[in-house]
**Q** 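Mind looking over this structure? Questions follow.
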There are 2 protein chains.
Amino acid sequence: MNFCSECAHPVSLTIPDGDNRPRYVCGNCGAIHYQNPKMVLGSIPVWDEDGDMRILLCKRAIEPRYGYWTLPAGFMENNETTTEAAMRETIEEAGANIQLHELFSLLNVPHVHQVHMFYRATLLDLNYAAGPESLEVKLFAPKDIPWNEIAFQTVGNTLKFFLEDHAARQKGGYRFHTMDILKPMPRAESTAAS
Amino acid sequence: MNFCSECAHPVSLTIPDGDNRPRYVCGNCGAIHYQNPKMVLGSIPVWDEDGDMRILLCKRAIEPRYGYWTLPAGFMENNETTTEAAMRETIEEAGANIQLHELFSLLNVPHVHQVHMFYRATLLDLNYAAGPESLEVKLFAPKDIPWNEIAFQTVGNTLKFFLEDHAARQKGGYRFHTMDILKPMPRAESTAAS
Ligand SMILES: [Zn+2]
Ligand SMILES: [Zn+2]
């Protein structure tokens, strides 16, 4: 940030009165331009035919992590709720008709200023199709999940939590999971969101 | 938003290629200035002496909702996690030493572009003190909670969920609660956050 978005005057990083951290402050109109973490919302769309459970993943057609697999997810927009965002991203990226269930995971990724959340979801039919941000959309049995080609740690960990709860679903069912991902993966772009 | 924060050229509201909603786009450098919901993080600090449970509330010293009571909460900052934000706000607003427990509630407030989250917390001592954004900080027994002077619907509903779970804690304990607050309260400023 170089200039004030209200009056176009240059901004400078200073600690405003009564605050305790540097903000971009306008030297002309005094506007303080706060920067805050963003939410990434997604779903875990599941197709279960006679106990043969499969999870819908999308192969990314965009950077970061082009060509890697992800759960459908993306930035939450103004004027929508977390469930609306998860539903919209699932439709946009996977063309999938789903019924959304409860919030399943919340993962902090502080070094990229993001919080990722995933809802459990049931796929209502098999008419899914790759949206413009996906190369391919495909159902994976638990044993076939491409663990070495998962786009983001938040997705990998959510899938791991989900499969653990699914395996133990006779005694207790699905729990709500939280996790902090404090270190970037070796690749610099690895945890930036779709 | 009137000007590009990168190059100071005027921005205009247009739908970028491949997007489906209007964004502030710079006519000079092409920067797209996304606007996303913000997270408000807080805690439910509890002091329990021999089953005599009390909850710590703060009387707001700032607008919106000056003079109304709230749980300690505020905007999450970049580079922190949801738990760090909840802890920091509790210290800043209530000067309270707490141990944070699990995430208790997540409430969408889409008309103000916010998601509010509250963690359960145990007050470790009684050395709390009003911070600069609080007029007063006080422990309330459930029967004394000033329901008609609660600052935000997210706080009122979180307190209600908490007292219900607390009353039923022998059979089941505390659950994770989600809620969408879709309509503003009669007062225009009522659900904007601290
Ligand atoms: Zn300005
Ligand atoms: Zn520009």
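No hydrogens, no waters, no symmetry mates; every other heavy atom, side chains included, goes into these values. Each chain gets a letter, A, B and so on, in the order the sequences are listed, and its residues count up from 1.
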**Q** Could you list each donor and acceptor atom pair linking chain A to chain B at less than 3.5 Å?
**A**
{"residue": "A:N2", "atom": "N", "partner": "B:S5", "partner atom": "O", "Å": "2.7"}
{"residue": "A:N2", "atom": "ND2", "partner": "B:E6", "partner atom": "O", "Å": "2.8"}
{"residue": "A:F3", "atom": "N", "partner": "B:S5", "partner atom": "O", "Å": "2.9"}
{"residue": "A:S5", "atom": "O", "partner": "B:N2", "partner atom": "N", "Å": "2.7"}
{"residue": "A:S5", "atom": "O", "partner": "B:F3", "partner atom": "N", "Å": "2.9"}
{"residue": "A:E6", "atom": "O", "partner": "B:N2", "partner atom": "ND2", "Å": "2.9"}
{"residue": "A:N20", "atom": "ND2", "partner": "B:E92", "partner atom": "OE2", "Å": "3.3"}
{"residue": "A:R23", "atom": "NH1", "partner": "B:E77", "partner atom": "OE1", "Å": "2.7"}
{"residue": "A:R23", "atom": "NH1", "partner": "B:E77", "partner atom": "OE2", "Å": "3.4"}
{"residue": "A:R23", "atom": "NH2", "partner": "B:E77", "partner atom": "OE1", "Å": "3.4"}
{"residue": "A:R23", "atom": "NH2", "partner": "B:E77", "partner atom": "OE2", "Å": "2.5"}
{"residue": "A:N36", "atom": "OD1", "partner": "B:K38", "partner atom": "NZ", "Å": "3.0"}
{"residue": "A:N36", "atom": "ND2", "partner": "B:M76", "partner atom": "O", "Å": "2.9"}
{"residue": "A:K38", "atom": "NZ", "partner": "B:N36", "partner atom": "OD1", "Å": "3.0"}
{"residue": "A:M76", "atom": "O", "partner": "B:N36", "partner atom": "ND2", "Å": "2.9"}
{"residue": "A:E77", "atom": "OE1", "partner": "B:R23", "partner atom": "NH1", "Å": "2.7"}
{"residue": "A:E77", "atom": "OE1", "partner": "B:R23", "partner atom": "NH2", "Å": "3.4"}
{"residue": "A:E77", "atom": "OE2", "partner": "B:R23", "partner atom": "NH1", "Å": "3.4"}
{"residue": "A:E77", "atom": "OE2", "partner": "B:R23", "partner atom": "NH2", "Å": "2.6"}
{"residue": "A:N79", "atom": "N", "partner": "B:H113", "partner atom": "ND1", "Å": "3.3"}
{"residue": "A:T82", "atom": "N", "partner": "B:N108", "partner atom": "OD1", "Å": "2.9"}
{"residue": "A:T82", "atom": "OG1", "partner": "B:N108", "partner atom": "ND2", "Å": "2.8"}
{"residue": "A:E92", "atom": "OE2", "partner": "B:N20", "partner atom": "ND2", "Å": "3.3"}
{"residue": "A:N108", "atom": "OD1", "partner": "B:T82", "partner atom": "N", "Å": "2.9"}
{"residue": "A:N108", "atom": "ND2", "partner": "B:T82", "partner atom": "OG1", "Å": "2.8"}
{"residue": "A:H113", "atom": "ND1", "partner": "B:N79", "partner atom": "N", "Å": "3.3"}

**Q** Is it the backbone or the side chain of B:P132 that comes under 4.5 Å from a heavy atom of chain A, or both, or neither?
**A**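 Interface part for B:P132: neither.
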**Q** Hydrophobic clustering (ILVMFWY, side-chain heavy atoms < 4.5 Å, transitive) - are A:I181 and A:L159 grouped together?
**A**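 As far as the 4.5 Å side-chain criterion goes, A:I181 and A:L159 are connected within one cluster.
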**Q** Working to the nearest 0.5 Å, report the span between CZ of B:F3 and SG of A:C4.
**A**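 Answer for the CZ-SG pair, B:F3 versus A:C4, is 8.5 Å.
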**Q** Should side-chain heavy atoms under 4.5 Å link Ile, Leu, Val, Met, Phe, Trp and Tyr, which residues sit in the same cluster as B:I15?
**A**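 ILVMFWY cluster around B:I15 holds nothing else.
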**Q** Would a single hydrophobic cluster contain both A:F161 and A:L106, if residues Ile, Leu, Val, Met, Phe, Trp and Tyr are joined by side-chain heavy-atom contacts under 4.5 Å?
**A**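 No, separate clusters.
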**Q** Quick check: is A:L107 connected to A:V155 through a chain of hydrophobic side chains (ILVMFWY, heavy atoms under 4.5 Å apart)?
**A**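 Same hydrophobic cluster.
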**Q** Answer yes if B:F118 and B:L163 sit in the same cluster of Ile, Leu, Val, Met, Phe, Trp and Tyr residues linked by side chain heavy atoms under 4.5 Å apart, and no otherwise.
**A**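 Linked within one cluster.
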**Q** Are B:V40 and A:M39 co-members of a hydrophobic cluster defined by side-chain heavy atoms under 4.5 Å apart?
**A**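 As far as the 4.5 Å side-chain criterion goes, B:V40 and A:M39 are not connected within one cluster.
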